[in-house]
Student: 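Please read through the structure below; I'll follow up with questions.
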Amino acid sequence: MQHVDDITNWKVTKSNELVKAGYTLSLNEQRLILFCIAQIDSRKPFSRIKAVTAAAFAAAYTLETRHAYEALEDATERLWNREVKTRFEDGRVEKVRWVSKATYDRGNGRVTVNFSPEILPFLTLLNERFTSYDLRYISHLTSTYAIRVYEYLKQYVKLRSSIRVTLVDFKEMLELSDSYMRFANFKARILVPAVEQINSHTDLRVSWVVIREQRSVVAIEFRFTKASQQEELPLLPVVEDLDESEAA
DNA sequence: CAAGACAGCAAAGCGTTGTG
DNA sequence: CACAACGCTTTGCTGTCTTG
């Protein structure tokens, strides 16, 4: 996992709870977080502390190294105040910080991230209800919403070929409840770009239809399949992979 | 009329270039 | 490596037309 040039098989694994939680991250913050998560062995407890070099970050997301410094510095700075909101059945909302410490080592182009203790249950010791995917599939997505939607669909892809989600829940997940009061805007700015990016860069092929009540859109039904070509790539059944490989 | 579609404006974000 | 500046993209909103 240390080799910068070999990110092809890095997997991001997180609990489905986290996949569906409400949070906002800029693209760079999202990239930084996912890069760190990809280095975690989700089956085990772990050190909480992950280091990211500009070179490794640039390699993972196909940027020129010299451009990665400021992206990392900026993302690190902003990550400090970011939080994850988990909504419970009874309406309770629990907020948790992503990081308890995040420092950019100026002069060395290196970030050290300490995940907060409260976020760890979403990332480690996972053996059920989790989602796993290859980091490389989202590495070319340029909309943070595209990444969120990809993860959301990915959690269902083994179980079914479509999922219906209410517009309210969906916007809540993306922390857009108070924005995009007009569906057309949400569609044009979020849905269409996200699905387009997912279809052209990831292993999922997605389409969607709106569900209406009267004339208002109340839900979205996503339909998806795994792309046939990508299927031939070394994408082992996730559960087996996690249970068996290098466990000892 | 209410809600969606479409066009366009503006701010923020992202990637690049040039400079030191 | 850092910083300033530029240009393209992403994101959020408004005006206006279209539709059932």
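Chain letters run A, B, ... following the sequence lines, proteins first, then strands; residues in each count from 1. Computation of the quantities below employed the complete heavy-atom set of this structure, encompassing side-chain atoms and omitting hydrogens, waters and symmetry-equivalent molecules.
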Student: Indicate whether OP1 or OP2 belonging to C:dG12 is found under 4.0 Å from a side-chain N or O atom of A:Y145.
Tutor: yes

Student: What does A:E213 touch in the nucleic acid at a heavy-atom separation under 4.0 angstrom: a base, only the sugar-phosphate, or nothing?
Tutor: nothing

Student: So, OP1 or OP2 of B:dG15: does either fall under 4.0 Å of a side-chain N or O from A:H67?
Tutor: no

Student: Just how far, in rounded Å, is P of B:dC14 from CG of A:L141?
Tutor: 14 Å

Student: Using salt bridge (charged side-chain N to carboxylate O under 4.0 Å, His left out), reason through A:E83 and A:K95 one step at a time and then give a plain yes or no.
Tutor: CA-CA 6 Å; A:E83 58 197 22; A:K95 293 201 291 187; 3.5 Å; yes

Student: Less than 3.5 Å between a donor and an acceptor, one on the side chain of A:R182 and one on the base of B:dG4, is that the case here?
Tutor: no

Student: Please state whether the phosphate of C:dG12, meaning OP1 or OP2, lies under 4.0 angstrom from any side-chain nitrogen or oxygen of A:Y180.
Tutor: yes

Student: For B:dC14, take OP1 and OP2 only and decide whether either is under 4.0 Å from a side-chain N or O of A:T142.
Tutor: no

Student: Pick base, sugar-phosphate or nothing for A:F186, based on heavy-atom distances below 4.0 Å to the nucleic acid.
Tutor: nothing

Student: Could you check how far CG of A:L191 sits from C1' of B:dA5, rounded to whole Å?
Tutor: 14 Å

Student: Under 3.5 Å, is there any donor-acceptor pair linking the side chain of A:N185 to the base of C:dT11?
Tutor: no

Student: Assign the ring pair A:F183 / A:F186 to parallel, tilted or perpendicular, where the plane angle (0 to 90°) is split at 30° and 60°.
Tutor: tilted

Student: Any idea which of C:dT11, C:dT14, B:dC1 is nearest the A:R215 side chain?
Tutor: B:dC1

Student: Can you tell me how far CZ of A:R164 sits from CZ of A:F222, rounded to the nearest 0.5 angstrom?
Tutor: 12.5 Å

Student: Could you check how far CZ of A:F57 sits from P of C:dC1, rounded to whole Å?
Tutor: 15 Å

Student: Measure CZ/A:R189 against C1'/B:dC6 and give the value in whole Å, please.
Tutor: 10 Å

Student: Does this structure show an ion pair linking A:D203 with A:K154, if we count only N-O contacts that are shorter than 4.0 Å?
Tutor: yes

Student: Does A:R212 use its side chain to pair, donor to acceptor, with the backbone of A:R215 at less than 3.5 Å?
Tutor: yes

Student: Is the base of B:dG15 touched by the side chain of A:R31 through a donor-acceptor pair closer than 3.5 angstrom?
Tutor: no

Student: Starting from P on B:dC14, measure out to CD1 on A:I147 and report it in whole angstrom.
Tutor: 10 Å

Student: If you go through the side-chain atoms of A:R66, does one of them form a donor-acceptor pair with the base of B:dG15 closer than 3.5 Å?
Tutor: no

Student: Separation of A:I190 atom CD1 from B:dG4 atom C1', in whole Å?
Tutor: 17 Å

Student: Report yes if at least one side-chain N or O of A:Y69 is closer than 4.0 Å to OP1 or OP2 of B:dC14; otherwise report no.
Tutor: no

Student: Hey, is A:E29 close enough to A:R82 for a salt bridge, meaning N to O under 4.0 Å?
Tutor: yes

Student: Has A:K187 got a side-chain N or O lying under 4.0 Å from the OP1 or OP2 atom of B:dA5?
Tutor: yes

Student: In terms of ring plane angle, is the pair A:F35 and A:W10 parallel, tilted or perpendicular, where the classes change at 30° and 60°?
Tutor: tilted

Student: Side-chain N or O of A:Q214 versus OP1/OP2 of C:dG20: is the shortest distance under 4.0 Å?
Tutor: no

Student: Please determine whether a side-chain nitrogen or oxygen atom of A:S26 lies at a distance below 4.0 Å from atom OP1 or OP2 of B:dC14.
Tutor: yes

Student: Between A:M181 (CE) and C:dG15 (C1'), how many Å, whole number?
Tutor: 18 Å

Student: Expressed as a whole number of angstroms, how long is the span from A:D74:CG to C:dC3:C1'?
Tutor: 13 Å

Student: For A:R78, answer base if it contacts any base atom (sugar-phosphate contacts may also be present), sugar-phosphate if it contacts only those atoms, and nothing otherwise; contact means non-hydrogen atoms under 4.0 Å.
Tutor: sugar-phosphate

Student: Find which nucleotide of DNA chain C each of A:D105 and A:S143 is nearest to by heavy atoms, and output the residue with the more 5' nucleotide.
Tutor: A:D105

Student: Let me spell it out: for each of A:N28 and A:E64, pick the nucleotide of DNA chain B with the closest heavy atom. Which residue's pick is nearer the 5' end?
Tutor: A:N28

Student: Counting side-chain heavy atoms from C-beta on, which of B:dA5, C:dA2, C:dG12 comes nearest to A:L176?
Tutor: C:dG12

